[in-house]
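Read the structure below first, then the notes.
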Number of protein chains: 2
Amino acid sequence: MSKLMRKFKALWTETVNLKQLSEYLNLSQTTVSRALNGYPEVNETTRSRVLKAAQDLNYRPNTRAKGLATGRALAIGHVIPVSNQHEMVNPVFGDFIAGAGEAYARAGYDMMLTLVPDQEEVRAYQDIRARGTVDGIIVHGPVINDERIALLSRIGLPFVVHGRSTDVNLPYSWIDVNNRGAFERGTQFLIELGHQRIALLNGLEHMDFAFRRRKGYETALLNHGLPIDPGLMRSEEMTEVYGYRAAKEMLSREIKPTAFVCSSIITAIGVRRAIHEAGLVLARDVSILTHDDALSYLENGDDVPIFTALRSSVRYAGTEAAEMLLSLIAMPKHAPKTRLLEAELIIGRSTGPAAS
Amino acid sequence: MSKLMRKFKALWTETVNLKQLSEYLNLSQTTVSRALNGYPEVNETTRSRVLKAAQDLNYRPNTRAKGLATGRALAIGHVIPVSNQHEMVNPVFGDFIAGAGEAYARAGYDMMLTLVPDQEEVRAYQDIRARGTVDGIIVHGPVINDERIALLSRIGLPFVVHGRSTDVNLPYSWIDVNNRGAFERGTQFLIELGHQRIALLNGLEHMDFAFRRRKGYETALLNHGLPIDPGLMRSEEMTEVYGYRAAKEMLSREIKPTAFVCSSIITAIGVRRAIHEAGLVLARDVSILTHDDALSYLENGDDVPIFTALRSSVRYAGTEAAEMLLSLIAMPKHAPKTRLLEAELIIGRSTGPAAS
DNA sequence: GAATCACTCCAAAGCGCTTTGGATATGGCA
DNA sequence: TGCCATATCCAAAGCGCTTTGGAGTGATTC
């Protein structure tokens with residue numbers, strides 16, 4: 001025993017595999033495997049001996065081998081489309097991943113990231129499927145009529161979409177914020193404050209979320225008999241500079257907008273900069289209402305929120321999406337799940353009655 | 001042939017494995033494998049037949065099986081420490097990953113993410129090693145005297161640190177910005193503009209980068225005979241609200257600082273808000289100089305930078321780190337590589353001569 | 001006392017790939 | 001013609017794990 005111990009002690013920082021562990025225990029690999037994986041056909045005293053030894057020798061099953069044998073990868077893939085024209089990294093991504101990561105960690109799953117140039121998308125998903133590195137994937141950044149959904153359904157890889165895709169009629173699993181409802185409500189809030197010229201600084205409108213937000217914005221205008229003025233609408237990547245430029249231009253007009261609805265707090269910060277620069281006062285002269293993903297490094301103030309905002313935690317969405325996917329993988333024949341999150345309307349210090 | 005074709009056509013959306021491919025070709029698995037992997041002992045006409053068939057049948061080698069057979073995982077791990085007290089997601093992370101992802105994609109590597117609660121770090125790295133899911137890892141967020149470096153060296157898992165660790169005397173591979181030099185230069189720049197009371201809004205100073213930045217800041221002050229005033233120094237997580245609060249407090253004093261040095265553009269935005277709110281004018285009354293990671297969604301203006309900044313692209317660092325690690329994996333016995341990036345000092349519209 | 005059963009355990013096959021150690025055929029050379 | 005490289009291909013072992021299909025004990029039942 002002590003000789004064996006010494007032999008195995010040497011391996012301490014090395015990797016011990018199942019065979020070595022079973023030799024050390026004078027048991028078959030079968031029994032050891034079963035003991036470790038909680039199968040019933042093993043004596044409880046044997047099991048605890050095995051568990052103890054596994055602990056002592058610092059045994060960890062090799063993921064690849066386990067995956068090969070079981071057919072499961074114990075990993076989830078996140079596929080992030082990167083377009084060549086817009087090579088911005090979605091700032092929301094980190095928080096989403098953090099949320100999802102928690103869920104994976106609890107379930108013993110790994111998280112795999114793949115960046116996919118958008119012209120290679122179809123091939124990329126087939127690759128992922130065939131190479132078998134993951135048991136399911138989270139689809140990021142769905143666009144209108146997103147072809148990935150049909151593709152993934154066809155090749156039979158479980159997936160959950162973060163967002164939805166207008167015009168896709170297949171059933172599929174998703175988790176999304178009620179973007180349309182939120183923006184309708186937010187715009188209505190501004191209208192009720194007396195604003196008549198409300199600008200929309202939206203994200204790229206081939207993205208589904210942005211499309212829905214515009215619909216919500218337009219619905220509110222229509223409901224109150226206000227005109228839909230394309231001159232007050234922008235659709236770009238949601239950077240700070242974009243907000244600044246767009247607001248600066250609009251505020252230099254003869255007839256200025258009195259309020260801005262932004263798709264991102266970062267864009268809203270740019271708008272605020274333009275407002276200051278124009279010598280105007282936020283909330284008094286011009287109001288801002290923005291969507292707020294509740295990013296951890298961009299908290300919308302503390303006690304009193306900086307911006308009046310439609311808030312929905314993307315980190316929470318990440319956790320929920322991950323758990324949804326895990327349960328889908330556990331019950332493959334289950335019908336798709338969906339989850340619609342409502343954004344809170346938070347009143348902050350960036351809105352006020354329309355300037356007369 | 002057409003019968004076979006039909007048989008395999010059915011598999012089109014399915015997964016074809018090596019065995020099926022070799023049956024289809026009437027060749028042995030050995031030959032097919034060698035043809036695909038570019039070994040010389042196979043006839044060129046055979047090889048092209050194989051390549052063609054692989055293309056037609058949409059063959060992709062199973063990653064797990066390949067990994068098991070070769071002992072390589074063809075994947076890189078990114079280990080992100082998540083502390084319980086500070087559960088902020090580093091906003092820099094997305095861009096770094098995007099940069100690294102490109103390099104991995106080119107090399108055919110996968111990217112694996114692991115979130116590790118910081119009290120479990122040691123165990124986590126051993127896990128990763130033993131489970132064999134990755135060939136190497138990128139270490140994020142090094143602190144002063146980071147114990148992970150010794151651990152990883154000991155267990156023999158190739159790694160590259162994004163950043164460095166003061167007080168660690170082992171040789172190891174890293175890529176870092178010259179934080180100390182940059183902040184010394186930046187602070188000196190402000191001093192030369194006549195500023196005497198310069199505040200430092202730093203990140204958490206157990207983090208190595210923040211520690212070095214403070215050293216640089218202090219060095220510049222000392223070099224010019226200025227006092228180091230702890231009342232002008234803060235160390236927290238680099239949020240917007242942090243910048244706002246700290247600046248608000250300092251600007252409400254009898255004797256205000258005339259300039260702020262920030263560790264993050266996000267914090268700088270908070271400082272700017274406080275300045276506005278105090279009725280002061282940026283650059284005229286109070287100056288801001290900030291580090292700028294050149295995040296894609298937080299461009300520091302366009303033609304004229306918003307903030308005077310020490311700029312260093314974290315995305316570029318990601319690409320470089322990844323390539324460094326890949327080459328380390330390719331040549332395991334190679335000495336550690338290091339790379340020190342210099343930050344550019346960019347003059348923007350947030351600095352001016354000290355108010356008299 | 002034989003048959004049955006529950007309880008433990010094990011040998012071996014198999015997951016999909018790579019790679020070692022030949023086998024076979026072909027051509028050049030003496 | 002016979003011999004030996006050379007070129008081309010293959011069978012089978014092995015990577016580390018799970019899982020199927022028993023085998024070997026005692027204890028229980030008739």
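Within every chain, numbering begins at 1; the chains are lettered A, B, ... in the order of the sequence lines, protein sequences first and strands thereafter.
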Worksheet item: Is there side-chain contact between A/Trp174 and A/Ser165, with at least one heavy-atom pair below 4.5 Å?
Response: no

Response to the item:
Per nearest nucleotide of DNA chain C, the residue lying toward the 5' end, A/Arg47 or B/Lys19, is A/Arg47

Worksheet item: What nucleic acid atoms does B/Thr70 come within less than 4.0 Å of, heavy atoms only: base, sugar-phosphate, or nothing?
Response: sugar-phosphate

Worksheet item: Judged by atom type as modelled, is there a donor-acceptor pair below 3.5 Å linking the side chain of A/Asp95 to the main-chain atoms of A/Val92?
Response: no

Worksheet item: Does the separation of the ring centres of A/His78 and A/Tyr104 fall below 6.0 angstrom?
Response: yes

Worksheet item: How do B/Glu41 and A/Asn17 order along DNA chain D: which one's closest nucleotide is nearer the 5' end?
Response: B/Glu41

Worksheet entry | C/dT19 phosphate, OP1 or OP2, under 4.0 Å from B/Tyr39 side-chain N/O | yes

Worksheet entry | 5′-ward residue of the pair B/Thr31/B/Ala65 relative to DNA chain C | B/Ala65

Worksheet item: With nearest nucleotides of DNA chain D determined for A/Arg34 and A/Leu18 from heavy-atom distances, which residue corresponds to the more 5′ nucleotide?
Response: A/Leu18

Worksheet item: Which class fits the ring pair A/Tyr172 and A/Phe159: parallel under 30°, tilted 30 to 60°, perpendicular over 60°?
Response: parallel

Discussion item. Of the listed nucleotides (D/dA11, C/dC17, C/dA11), which one gets closest to any side-chain atom of A/Ser28?
Written reply: C/dA11

Worksheet item: D/dC9 phosphate, OP1 or OP2: any side-chain N/O from B/Thr46 under 4.0 angstrom?
Response: yes

Worksheet item: If you take atom types as modelled and just measure distance, does the side chain of A/Thr30 reach the base of D/dT19 with a donor-acceptor pair under 3.5 Å?
Response: yes

Worksheet item: Of all the choices, D/dC9, C/dT18, D/dG16, which nucleotide is nearest to the side chain of B/Ser33 once you look at every atom?
Response: C/dT18

Worksheet item: Should B/Tyr59 be listed as having a side-chain N or O under 4.0 Å from OP1 or OP2 of C/dC17?
Response: yes

Worksheet item: Given D/dT18, is OP1 or OP2 found less than 4.0 Å from the side-chain N or O atoms of A/Lys66?
Response: yes

Worksheet item: Does OP1 or OP2 of C/dC15 have a side-chain N or O of B/Asn62 closer than 4.0 Å?
Response: no

